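Here the structure is laid out as structure tokens; the discussion comes afterwards.
Heavy atoms only: backbone and side chains are in, while hydrogens, waters and symmetry mates are out. Just so it is clear: chains get the letters A, B, ... in the order the sequence lines come, proteins before strands, and each one is counted from 1. Worth saying up front: this structure is predicted, and the values here are computed from it rather than measured.
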Protein chains: 2
Amino acid sequence: MSETASQDQIPDVLNDKCPSRQVLNHVTSRWGVLALLVLQDGTQRFSMLRRRIGGVSERMLAQTLRVLEEDGFILRRAYPVVPPHVEYELTPLGRVVAEKVHALALCIEGNLDHILRAQKPRG
Amino acid sequence: MSETASQDQIPDVLNDKCPSRQVLNHVTSRWGVLALLVLQDGTQRFSMLRRRIGGVSERMLAQTLRVLEEDGFILRRAYPVVPPHVEYELTPLGRVVAEKVHALALCIEGNLDHILRAQKPRG
DNA sequence: TTTCATACTTACATTTTTGTGCGTACTTCT
DNA sequence: AGAAGTACGCACAAAAATGTAAGTATGAAA
């Protein structure tokens, strides 16, 4: 039944064949991290997200939100009104990963001066 | 003394001018996350890291380790012996961020089947 | 009436990332 | 003797990420 099998039974991000690797890349992507962070403050519209995430382009934000939605971290609610109205919010699962990401961000922000002080010049 | 100042006093990853943003990108980079994870198991040599991180090229691993070292998360110890011998390990600060990254990875691995099951098809 | 805002998409251009070999200096394994 | 392992740096090329500008349908504000 399962000769030499059991390759992808236990998720392992270190294995580049494991799908968890891609999901990890999605949440740790340049804009993915930030999108999850701002969504912790609750439901928000596209333009609001864009304003709060310094430096994102519309294209990248849209794309990022889409993959995060496909992974089930974000819920997208579109109202069929004439000037578009779309709301984004975290799913329960999205909330737990957002918390982890948040912890990481806080950790870095909190140690920033320590990091900057210890930063080595060039190679 | 400090008229309209106070722009970069409080680290904020949402601000693309804030240096914390770059540091965050370093640790959440494609290979940075994984390097921190495997280094949690203790001091390791370059080739060992390469073997454990599925899919990294020598070039990328070297580059990743360098930036993480510059940020003060990794300590590099090179022995001037004839066949090169270099060891990498986490600094105290590196250990705390590695823990956060680890928590995130575990969270994703643990919910992987839930994620895969809920994944939306195409757009 | 001209402009702005909304939430994107698409085409095109540029930038960044990543990969692929090659070279090194010397030892050990075959 | 020839091959492999070590820890990379370097040059070149291909691939992926990201940015820019323009377009959409319509209501509201100037």
Side-chain angles (χ1 to χ4, degrees), chain A residues 13-14 16-17 21-35 38-39 42-71 74-89 120-123, chain B residues 13-14 16-17 21-35 38-39 43-71 74-89 120 122-123:
Chain A
V13 296
L14 293 180
D16 63 337
K17 305 294 182 184
R21 170 76 73 93
Q22 303 185 47
V23 175
L24 180 64
N25 285 337
H26 292 166
V27 345
T28 60
S29 69
R30 185 169 178 188
W31 306 114
V33 178
L34 304 178
V38 312
L39 280 173
T43 300
Q44 277 159 92
R45 300 179 63 175
F46 186 87
S47 52
M48 175 62 97
L49 293 172
R50 177 149 150 66
R51 259 173 255 130
R52 295 192 52 188
I53 302 175
V56 231
S57 63
E58 296 191 346
R59 187 165 121 60
M60 278 302 103
L61 180 57
Q63 184 177 311
T64 298
L65 292 172
R66 207 184 312 137
V67 324
L68 257 24
E69 188 202 354
E70 287 172 4
D71 284 348
I74 287 180
L75 179 64
R76 183 189 121 108
R77 218 180 257 123
Y79 299 90
V81 291
V82 73
H85 184 117
V86 182
E87 295 181 346
Y88 294 90
E89 64 179 302
K120 291 199 168 186
R122 41 243 148 117
Chain B
V13 295
L14 293 179
D16 64 337
K17 304 295 184 187
R21 170 76 73 93
Q22 303 184 49
V23 176
L24 180 64
N25 285 337
H26 293 166
V27 346
T28 60
S29 69
R30 184 170 179 189
W31 306 114
V33 177
L34 304 178
V38 313
L39 281 172
T43 300
Q44 277 159 92
R45 299 179 63 175
F46 186 87
S47 53
M48 173 62 96
L49 292 171
R50 177 149 150 68
R51 261 174 253 129
R52 295 191 54 187
I53 301 175
V56 230
S57 64
E58 296 190 347
R59 189 165 121 60
M60 277 303 103
L61 181 56
Q63 185 178 310
T64 298
L65 292 172
R66 206 184 313 138
V67 323
L68 256 25
E69 188 202 353
E70 287 172 3
D71 284 349
I74 287 180
L75 179 65
R76 183 188 122 109
R77 219 179 258 123
Y79 300 92
V81 289
V82 71
H85 184 116
V86 181
E87 294 181 348
Y88 293 90
E89 66 179 302
K120 291 201 171 185
R122 40 261 140 115

| Euclidean distance, atom OH of residue A/Tyr79 to atom C1' of D/dT26 [Å, nearest integer] | 20 Å
| task | Starting at atom CZ of A/Arg66, determine the distance to atom P of D/dA17, rounded to an integer number of angstrom. | result | 13 Å
| said: Less than 4.0 angstrom between a side-chain N/O of A/Arg51 and OP1 or OP2 of C/dT6, yes or no? | reply: yes
| note | Closest of D/dT18, C/dC8, D/dC8 to the A/Arg76 side chain is C/dC8
| Under 4.0 Å protein heavy-atom contact, by nucleotide of nucleotides 21-30 of chain C - B base, S sugar-phosphate only | -----SS---
| query | Going by heavy atoms in the side chains, are A/Thr64 and A/Arg30 under 4.5 Å from each other? | reply | no
| field | Separation of C/dT17 P from A/Met60 CE (nearest whole Å) | value | 14 Å
| field | Contact check, side chains of A/Leu65 and A/Phe46, non-hydrogen atoms, under 4.5 Å | value | yes
| query | Should A/Leu49 and A/Val56 be marked as a side-chain contact (heavy atoms from CB on, under 4.5 Å) after you check the CA-CA gap, both sets of side-chain angles, and the distance that decides it? | reply | CA-CA 9 Å; A/Leu49 293 172; A/Val56 231; over 6 Å; no
| Exceeds 12 heavy-atom contacts within 6.0 angstrom, atom CD of A/Glu89 | yes
| said: Check the phosphate of C/dA7 against A/Ser47, side-chain N and O only, distance under 4.0 Å to OP1 or OP2. Yes or no? | reply: yes
| said: Could you tell me how far apart B/Ile53 (CD1) and C/dG19 (C1') are, to the nearest whole angstrom? | reply: 16 Å
| note | Here the distance between atom C1' of D/dA17 and atom CG of A/Asn25, to the nearest Å, is 13 Å
| Distance in angstrom units between A/Gln63 CD and C/dA11 C1', rounded | 15 Å
